[in-house]
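Following: one structure in structure tokens, then a few remarks.
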Number of protein chains: 2
Amino acid sequence: MTLDERKKLILESIIKDYVETAEPVGSRAVVKKHGLKISAATVRNEMSDLEDMGYLEQPYTSAGRIPSQKGFRYYVDCMMEQENLDDKETEVLLHLLDDSFQEVNDLVQKIGHFLAQITNYTSFVIVPSVRLSKFKYLQLIPIEPGKALVLLVTDLGVVMHRNIEVPHSITAPELDLMGRMFNQVLAGKKITEIQRSDLQQLRDELKQRRKVIDHALEAIESLLDNSNEERVIISGALNIMNEPEFKDVDKLKKIMAFLEEETQLMDMLPESLGDEVDIRIGQENQAEDFKELSLVFAGYRSQGEQGKLGLMGPVRMEYWKAVGSLDSVREIIEEIIRKRF
Amino acid sequence: MTLDERKKLILESIIKDYVETAEPVGSRAVVKKHGLKISAATVRNEMSDLEDMGYLEQPYTSAGRIPSQKGFRYYVDCMMEQENLDDKETEVLLHLLDDSFQEVNDLVQKIGHFLAQITNYTSFVIVPSVRLSKFKYLQLIPIEPGKALVLLVTDLGVVMHRNIEVPHSITAPELDLMGRMFNQVLAGKKITEIQRSDLQQLRDELKQRRKVIDHALEAIESLLDNSNEERVIISGALNIMNEPEFKDVDKLKKIMAFLEEETQLMDMLPESLGDEVDIRIGQENQAEDFKELSLVFAGYRSQGEQGKLGLMGPVRMEYWKAVGSLDSVREIIEEIIRKRF
DNA sequence: GATTAGCACTCAATAGGAGAGAGTGCTAAC
DNA sequence: GTTAGCACTCTCTCCTATTGAGTGCTAATC
């Protein structure tokens, strides 16, 4: 279904106006704001047509029109020109990053924060699990008699650690040796590839120090369990409160509660994303509490894993800005990852 | 100023009722709910007195009365019996903790979460800076050619780390040696006590590896900078939304924005706390955005440092429960810290 | 045939007013 | 000192009238 130019123009006017004001847009307003050379009556006729086609709707009989979700969908699919970060914004972002991050996740988190700031929407970042990263380094470090630290580093620079108990009698060189044996068996393996058999092998080789091994393995398993999960980081949740559609505390509460449950957001997104920025408008979202929100999201890849990041806002969203920012930012992320890791 | 028994009884009735319903309380309600043997008219006279004394106020001429902030203050100072955690709650908490924390801060954070859950208020935990903790252990760990990890452990089990760059030529034993030298100079010192002179000494002793030393020192300084700051952890912020006094989104937004700025909350609390649970009712708070909220907080000490934790809710708060829970929990924390660290 | 001006019509939003109800404060009796 | 009784006050809710933005239709115009 394609629309003639005039209808497109009118639809666009209404969308821009409505996005800005959150009020229904009348025929006169369309003519005035955009200096069209046709009369309000003509616009009314066109608007009536657009309503019949489902792109507009009327809150009540004699109000102006607001874009329907289908209208927004048509707009983003067929008409929208995305508005990337301008030079100044890019500069601010690059300055903000400025090497002050320790690992990929820090980087992405900062970018999420930035996105929320410049768009005034709520951003989310899903940092990938370390399932696919490689086991790079492990060490057992004596901290004090009876206590040691298991330190584990993956190839993406993620450092994990956990305290364990060890017999008082154990010496530092012994711990060191054990660490080395762990390394020999596990080094270079993907986290997912570590098998029970590997762990068993370790147990066998280090029989005489069974207790330490057991504790260390427990610690490692617990670290892996923890890090198997994707994490969601949300920034700018307060921005939702600025939108007039959420001046009702109950609605707000539902959304906030939804956001607090990390998994819910993850479940809403597809397993893996292509190279495009994806848009989910209102009803297109599965979750009941999300039918009044839109989601704009994209994947970024970092060495074989996929992370996701995106923005959420009201259906009445500046999609052009959201999509553009996200697109720009995605490129910047991948560029940095390529260079630094 | 002390009140006679009957006035106390009436004040208490009104407070309990108002805390529960958030509605002004009338004289008849007082008589009915608490089965008093005096008539409503008598209660009215007493209420009038209480209003003159400033303990009650009337939203408008012919509504019931609500406790004034002074009324609440009198109540918590002179009448309140705190309601500690009961056995079941304590058990739930202990079960929740169950050794599954790595360091003090994990522990306190979990407790904050628990507090928010059982009280339905918003909890905050201020974990102390590591300024006062002692430097326990440092190691330089080679990760890959050109990269190493600075690992720093304090006596409270806090593990910090940072990546640094090192010359490709450096060997693992060399790094190890350097780590040991760091340890020799720094071990056992309080973080605050580490002086420029110590760092200079290191620089001198390890002249030939100046670059590594510089990077490592930078990393350490940056770690210390970071950890010099106290952190605030907030749980159950959503609970505020349940209170009828905050059904207005604008108020809500102000409070949430306030909470997002960690330092603001810290600035509101006194530098150091005694052994009592402290209460700040409404106007007693400095911050403008907090004049409608009450704060109940206490300090906990862990090896010379003081952390703080507390609850915030509307002025119409169940102080007895908040104070009691906090008091119970504080004991539990200190008990665990004594045992485990 | 498309466009436009004109006008009646619709419906939310706002304001004003009446009535109900909760609760007080006062007075007079106990 | 306490209480019953009653007038009074003030909010809340419902109702109605009014306003105004914006439409939809019709008939005239380009």
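Order of the sequence lines sets the chain letters (A, B, ...), proteins ahead of strands, with each chain counted from 1.
For Ser62(B), counting side-chain heavy atoms from C-beta on, the closest listed nucleotide (dT3(C), dA22(C), dC11(C)) is dA22(C). Of all nucleotides listed (dG25(C), dT3(D), dT3(C)), dT3(C) comes nearest to the side chain of Arg6(A). Nearest nucleotide to the side chain of Ala41(A), out of dA5(C), dG24(D), dT24(C): dA5(C).
Spacing between atom CE of Met47(A) and atom P of dT3(C) amounts to 16 Å, rounded to whole angstrom units. The separation between Ile14(A) atom CD1 and dG22(D) atom P is 12 Å, rounded to whole Å. Here dG23(C) presents its C1' atom at 15 Å from CD1 of Ile66(B), a figure rounded to the nearest Å. Here dG1(D) presents its P atom at 14 Å from CD1 of Ile38(B), a figure rounded to the nearest Å. Across the protein-nucleic acid pair, Glu46(B) atom CD and dT2(D) atom C1' stand 11 Å apart, rounded to whole Å. To the nearest angstrom, C1' of dA13(C) lies 8 Å from OH of Tyr60(A). Separating the CD atom of Glu23(B) from the P atom of dG21(C) is a distance of 17 Å, rounded to the nearest angstrom. Between Leu56(B) atom CG and dG23(C) atom C1' the separation is 14 Å, expressed in whole Å.
Mapping Thr42(B) and Arg44(A) onto DNA chain D by nearest heavy atom places Thr42(B) at the nucleotide closer to the 5' end. Mapping Ala29(A) and Asn45(A) onto DNA chain D via the closest heavy atom, the residue that lands nearer the 5' end is Ala29(A).
Stacking of Lys308(A) on the aromatic ring of Phe297(A) is not recorded, the 6.0 Å distance cut-off and the 45° axial limit not both being met.
Using a 4.5 Å cut-off on side-chain heavy atoms (C-beta onward), Leu293(A) and Met317(A) make no contact.
Checked by distance alone, Ser39(B) brings no side-chain donor or acceptor within 3.5 Å of a matching partner on the base of dT3(D).
Using a 4.0 Å cut-off, some side-chain N or O of Gln58(A) falls inside it from OP1 or OP2 of dG24(D). In this structure, Thr61(B) reaches the dC10(D) phosphate: one of its side-chain N or O atoms is under 4.0 Å from OP1 or OP2.
Under the 30°/60° scheme for interplanar angles, the aromatic rings of Trp320(A) and Tyr75(A) are found to stand perpendicular.
Side-chain atoms of Arg280(A) never come within 3.5 Å of backbone atoms of Leu269(A) as a donor-acceptor pair (strictly under, hydrogens ignored).
Applying the salt bridge (charged side-chain N to carboxylate O under 4.0 Å, His left out) rule to pairs touching residues 47-62 of chain A yields Lys7(A)-Asp49(A), Glu51(A)-Arg65(A), sequence neighbours excluded.
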